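This report refers to the structure that appears directly beneath it.
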Amino acid sequence: MAILFYSELDDPTDWKNAFNTIAESIPFYIWPNQPDNEEVEIAVVWKPTSGILKLFPNLKLIASLGAGVDHLFYGAEIPKGIPITRIVDETLTEQMVEYILMATLFCHRNMPIYISQQHKKQWQPVRQPLGRNRIIGIMGLGVLGSAVAKALRNLNFNIRGWSTSQKNLEGIQAYTGNDELKEFLTEIDILISLLPLTPKTENIINADLLSCLPHGSTFINGGRGAQVVESDLIRALDKGYISHAFLDVTREEPLPKKSELWLHPSVTLTPHVASITDAFSSSKQIINNYTRIKNGLEPINLVNYLAGY
Ligand code: GLV
């Protein structure tokens, strides 16, 4: 029995230390240095290249290194019937809540305007609405979306939520499915996306959707870049329909040098850092799930193959 680690993005050192501490008797190999494919029973992966997961005949668990699992459903060729788990962890949730609060307050308190004024040495207060008079719309009400909704609600913002399946959260006006999307979007001052990437949500933030938002609203993306038609967003920013976009994710990452998003005056960019998986707490979850599978139990945070998240 061995663990195989594959990620071109994450430094394996923390993960190696974490697994060596939590499960010291289990060998930990870093792709492509596993001596024997038959030994591998747990694959801990981020964006595994096409087909590699099919090389391990005794694989029992595919564990995503993050909360998102779209990297497994888009081109990774996963072997059928092997349980896939994602990371749900309070440290991931806390970081996302921090990030979205930071971006929301940045937009709410007119920071894009003040930063631009500072560069021009302009001292010019602008009208500041109260949080209770701002409507914030959150797309995606899963673990992260509902924690963000609660935190923003505690700051007195007016919260609406939209999700593909019905969700009821206290103090949050909930909208469901395509039929209620337009109604959800009208009146929103700040739109936040925390959706998982699936065929249903790919390109969902497009010219049509953006045109349903009130003129001058802002957009924050902590979900996935492929949910946004970037040329439509840039057009909406150029015309001022969207006054600012705060993006942690882009369709292609790293963002290509030629992208207009880099230097757009109405865009704030961060390099997919909103929420970083903690190796220690996550490796505990992964080992616990492996033990559950060995004991005939369903792993925790199991991914639904059909829904794709
Ligand atoms: C990060 O994007 C994650 O999916 O955890």
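Note that the structure is a prediction, hence the values are computed from the model and not measured. Whatever order the structure lists them in is the order used to number ligands and atoms, beginning at 1.
- Aromatic ring orientation, F5 versus F28: tilted (interplanar angle from 30° to 60°).
- Residue H272 places at least one N or O, backbone or side chain, under 3.5 Å from an N or O of ligand 1.
- Residues D238 and H264 bring a donor and an acceptor atom of their side chains to less than 3.5 Å of each other.
- In R224, the part holding a heavy atom less than 4.0 Å from any atom of ligand 1 is the side chain.
- What sits closest to atom 4 (O) of ligand 1 on the protein, heavy atoms only, is G68 N, 2.6 Å.
- Between H71 and W46, the ring-plane angle classifies as tilted under the 30° and 60° cut-offs.
- With respect to the salt-bridge test (charged N to carboxylate O, under 4.0 angstrom), the residues E8 and K47 do not qualify.
- In terms of polar-atom proximity, A67 is counted as a contact of ligand 1, with an N or O under 3.5 Å from an N or O of the ligand.
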